[in-house]
Structures are given as structure tokens and as C-alpha cells.
Amino acid sequence: AAPTTAPGLTISRVGMAHILDEESGEEFISKYEGKVANGKAEGKGTFTEEADGGQYVYAGDWKYNRQHGKGKETNPDGSEYEGMFSDGKK
């Protein structure tokens, strides 16, 4: 599962967002802690998203608000990926 994005959501040094998916009714609580440049995640940081189905965590490198560089992704089902990301993709 990939992180939820919302139009107009600004990530700050420590930011939190509460998002409701109107189609599914699922609630997401998203949090980012880390480096920011020009209002975008840049450098080292951790993104956590809690939803009804569990918790998603990405800890690692960011560039222009996307996972980029070395990082570790932990999915709600407990599966993990540790390695390289490029422009938000494994």
C-alpha cells in the first residue's frame, strides 16, 4: 500500500493530517517528521499513516515530497521493503 496523498496537503517539519476517504469512509491519520525545503519533504524523514487497516511507515530519504534514495517501507500487513526508491517508486 502506498501513502495517501491529498490535493493541497502541505508537509511541514512536523505535520499531521486527518483525511477521510468519502468513497470508502476510511479515515487516515498521516504524520511526517523530518527535513523540509521550500515546503516539501527533502532529506531524511519519516512518514506514518494510520488507517482502519493498520499502519504504513516509510523512513528514509525524500526529494520533492517523494521517497527518493535509501529507505525502509513497512506495510499494514507487516511486510517490509528496504532498499532504493526513485521518484516515489521501488
Side-chain angles (χ1 to χ4, degrees):
T4 298
T5 57
L9 179 62
T10 302
I11 296 176
S12 59
R13 185 171 170 81
V14 176
M16 194 171 255
H18 200 144
I19 301 167
L20 174 64
D21 182 329
E22 293 180 4
E23 281 186 36
S24 70
E26 190 170 17
E27 280 188 276
F28 300 90
I29 298 173
S30 301
K31 178 177 159 186
Y32 174 80
E33 293 183 74
K35 300 280 186 175
V36 172
N38 298 315
K40 299 193 184 302
E42 187 80 26
K44 299 274 185 211
T46 301
F47 175 85
T48 305
E49 181 173 84
E50 295 182 28
D52 296 340
Q55 185 180 63
Y56 170 90
V57 178
Y58 171 82
D61 298 327
W62 293 84
K63 186 173 183 179
Y64 305 119
N65 263 8
R66 295 182 182 257
Q67 299 102 321
H68 192 85
K70 188 174 180 181
K72 181 177 180 181
E73 176 183 77
T74 305
N75 292 295
D77 65 4
S79 64
E80 296 180 342
Y81 169 80
E82 188 166 0
M84 299 302 292
F85 289 76
S86 179
D87 199 28
K89 298 177 185 165
K90 299 178 207 172

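Bear in mind that the values here come from a model prediction, so they are computed numbers and not experimental data.
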Out of curiosity, [X] [atom1] to [Y] [atom2], how far, rounded to the nearest 0.5 Å?
{"X": "Tyr32", "Y": "Phe47", "atom1": "OH", "atom2": "CZ", "answer": "11.0 Å"}
{"X": "Asp87", "Y": "Asn65", "atom1": "CG", "atom2": "CG", "answer": "11.5 Å"}
{"X": "Lys70", "Y": "Lys44", "atom1": "NZ", "atom2": "NZ", "answer": "8.0 Å"}

Trp62 and Lys35, any side-chain heavy atoms less than 4.5 Å apart
no
Review point. So do the side chains of Asp61 and His68 get within less than 4.5 Å of each other, counting heavy atoms only?
Key: no
Practice task
Using distance alone, with no hydrogens and no angle criterion, decide if Ser30 and Glu49 have a side-chain donor and acceptor under 3.5 Å apart.
Solution key: yes
Shortest non-hydrogen pair, Gly54 vs Pro76, comes out as CA-CB, 4.0 Å
Gly71 and Phe85 have their tightest heavy-atom pair at O-CE1, 3.7 Å
* Would you say the side-chain atoms of Asn75 pair up with the backbone N or O of Asp77, donor to acceptor, closer than 3.5 Å? -> no
* Asked: More than 12 foreign heavy atoms under 6.0 Å from CD of Glu22: is that the case here?
  -> no
Sorted by chain and residue number, the side chain to side chain contact (heavy atoms under 4.5 Å, CB included) partners of Tyr64 (sequence neighbours excluded) come out as Glu42
Problem - Shared hydrophobic cluster, Val57 / Tyr81 (ILVMFWY, side-chain heavy atoms < 4.5 Å) - result: no
Checklist entry - Is Lys90 salt-bridged to Glu73, cutoff N-O under 4.0 Å? => result yes
